[in-house]
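Here the structure is laid out as structure tokens; the discussion comes afterwards.
Note that this is a predicted model, so its numbers are computed, not measured.
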Amino acid sequence: MSSTPQSQQWFDRAVQVSPGGVNSPVRAFRAVGGTPRFMTSAQGAWLHDADGTRYLDLVGSWGPMLLGHAHPEVIAAVTEAAGRGTSFGTPSPPEVELAEEIVARTPVDLVRMVTSGTEATMSAIRLARGFTGRTRVVKFAGCYHGHVDSLLAEAGSGVVTLGLPGSPGIPAHVTADTIVLPYNDRDAVTAAFAEHGDEIACVITEAAAGNMGVVSPLPGFNQFLSETCAAHGALLVSDEVMTGFRVTRSGHWGLDGAQEGWRPDLLTFGKVMGGGFPAAAFGGRADVMALLAPSGPVYQAGTLAGNPVASTAGLTTLRLADDAAYARLDDWSAQARALVSSALDDAGVPHVVQNVGSMFSVVWGLTEPVHDFAGVQRQETHRYTAFFHAMLDAGVYLPPSAYESWFVSAAHDDEALTRMAEALPAAARAAAAATPA
Ligand SMILES: *Cc1c(COP(=O)(O)O)cnc(C)c1O
């Protein structure tokens, strides 16, 4: 393992003052072991840690860095905006321009800015409940919608499981109204609506699942959800915090052909739309959004919502992300997936590479694609642990968990592919040799 004295020192200091030494759990490397790298700068496709090591970045800040790090035009726009003042506590032009961009590209009529994806989904659920006058919420096992109390419910083994809290600190009554179903399971959805149809405020789903590794909706699944919700007077909330503006130029990835025809009532965005700053949003049908304060009675607010610097970062990012940028992302991702697959084949590691557009991940030790969380959980994560560390030692920074998507950027180029190609054979052999802990 490469030596990381500076990162180790920072981590030792961090654990003295922060729980687990991090501000978001998966950064702590608990799933793969070892000490997290403390990054001090980043440029394009590359990260630099406190020890001066340069890594090819396949995490992209967990999705936001669509154009790569420190894109010169984004930095210039942000610097200029910050120079004019960082927060006014009043409406300001950049938040209007960002909202216009989102309304123009996606099926939302009205949009409200917030500061994190968690806040977006939390507010969307409140609005769906306010609009329908109902309390129950359907979510899918393995889909992550931020750390909203009512959405941190895990599935039990039953087909229709009344939610049990996935974390201490969440009272059982808060998740009692959450129904957790297996992803891609139409029969489970039909059964839940047969039993609770007139009590379900909304179904929330990821437009394509990216938080259990990448799992596509089966053809027609989102369409089916949309029709089922409509038939029962429930709303469909499409959580596009990860997929929005990443899979396609449209925030709503389904509009670009993959799942033509379905139309959610509410959508949530985050990650890419903040351009690396804390900005997120939720939006949707005008009649539903009109219920939000101050035009309606459903309360929602934010001191830094629509922040001018964050809005400028997001707006500049979205404007720069043209069709050519998405074509580059897709092309690079396809080449990287092929490299990963052939290295694993050469080393004799059974695997499936699953992707949605440029987002991808590897299912370890299986040979058939998986379509739900139970399927993903059958994989051999010990192979990823070995693979992850070998790649890290060779200067490729992957997500420190087998259950995360890998993200590429429009700045990933031939040099980045070369780094992948050089690192992969040894990492694949490490994965082949790995034994369960
Ligand atoms: C990241 C993510 C969230 C949460 O966003 P935060 O900004 O981390 O609160 C919600 N939904 C999905 C699908 C996500 O990927």
Could you pull out all donor-acceptor pairs under 3.5 Å where a side-chain atom in residues 340-348 meets a protein atom, sequence neighbours excluded?
{"residue": "S341", "atom": "OG", "partner": "H351", "partner atom": "NE2", "Å": "2.8"}
{"residue": "S342", "atom": "OG", "partner": "A338", "partner atom": "O", "Å": "3.4"}
{"residue": "S342", "atom": "OG", "partner": "L339", "partner atom": "O", "Å": "3.4"}

For residues 9-24, dump all side-chain donor-acceptor pairs below 3.5 Å to protein atoms at least two apart in sequence or in another chain.
{"residue": "D12", "atom": "OD1", "partner": "Q8", "partner atom": "NE2", "Å": "3.0"}

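Ionic pairing of E199 and R134 is not present here: no N-O contact between side-chain nitrogen and carboxylate oxygen is shorter than 4.0 angstrom.
You'll find the side chain of L127 reaches within 4.5 Å of the side chain of V288, heavy atoms only. Side-chain contact between E240 and K271: absent, with no pair of heavy atoms (C-beta onward) separated by less than 4.5 Å.
Take F193 and apply the ring pair (Phe, Tyr, Trp, His ring centres under 6.0 Å) test, not counting sequence neighbours, and it matches H232. Partners of D57 under the side chain to side chain donor-acceptor pair (under 3.5 Å) rule, at least two apart in sequence or in another chain, are H69. Among residues two or more places apart in sequence or in another chain, the side chain to side chain donor-acceptor pair (under 3.5 Å) test is passed with D49 by Y55. Considering only residues two or more places apart in sequence or on other chains, Y326 meets the ring pair (Phe, Tyr, Trp, His ring centres under 6.0 Å) condition with none of them. Take F373 and apply the ring pair (Phe, Tyr, Trp, His ring centres under 6.0 Å) test, not counting sequence neighbours, and it matches no residue. Evaluation of the side chain to side chain donor-acceptor pair (under 3.5 Å) rule for Q300 yields R112 as partners, not counting sequence neighbours. Listed by chain and residue number, nothing satisfies the ring pair (Phe, Tyr, Trp, His ring centres under 6.0 Å) test with H71 (two or more places apart in sequence, or in another chain). For the side chain to side chain donor-acceptor pair (under 3.5 Å) test, residues two or more places apart in sequence or in another chain that qualify with D331 are Q335.
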### Task
For the pair V247 and S358, evaluate side-chain contact (heavy atoms from CB on, under 4.5 Å) and give the outcome as yes or no after the intermediate values.
CA-CA 6 Å; V247 175; S358 67; over 6 Å; no
### Message
Walk me through whether K139 and I179 qualify under side-chain contact (heavy atoms from CB on, under 4.5 Å).
### Response
CA-CA 6 Å; K139 81 171 282 284; I179 300 170; over 6 Å; no
### Query
Could you walk me through whether F221 and F140 pass the ring pair (Phe, Tyr, Trp, His ring centres under 6.0 Å) check?
CA-CA 12 Å; F221 182 65; F140 297 101; 5.5 Å; yes
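The side chain to side chain donor-acceptor pair (under 3.5 Å) analysis of residues 410-430, with sequence neighbours excluded, yields the pairs R54-E415, S409-H412. Evaluation of the side chain to side chain donor-acceptor pair (under 3.5 Å) test over residues 360-374, restricted to residues two or more places apart or in two chains, returns none.
The aromatic rings of F245 and F269 lie tilted to each other, with the angle between the two planes from 30° to 60°.
Here the OG atom belonging to S150 is positioned 8.5 Å from the CD1 atom belonging to I170, to the nearest 0.5 angstrom.
Within 6.0 Å of NE2 on H147 lie no more than 12 heavy atoms contributed by other residues, nucleotides or ligands.
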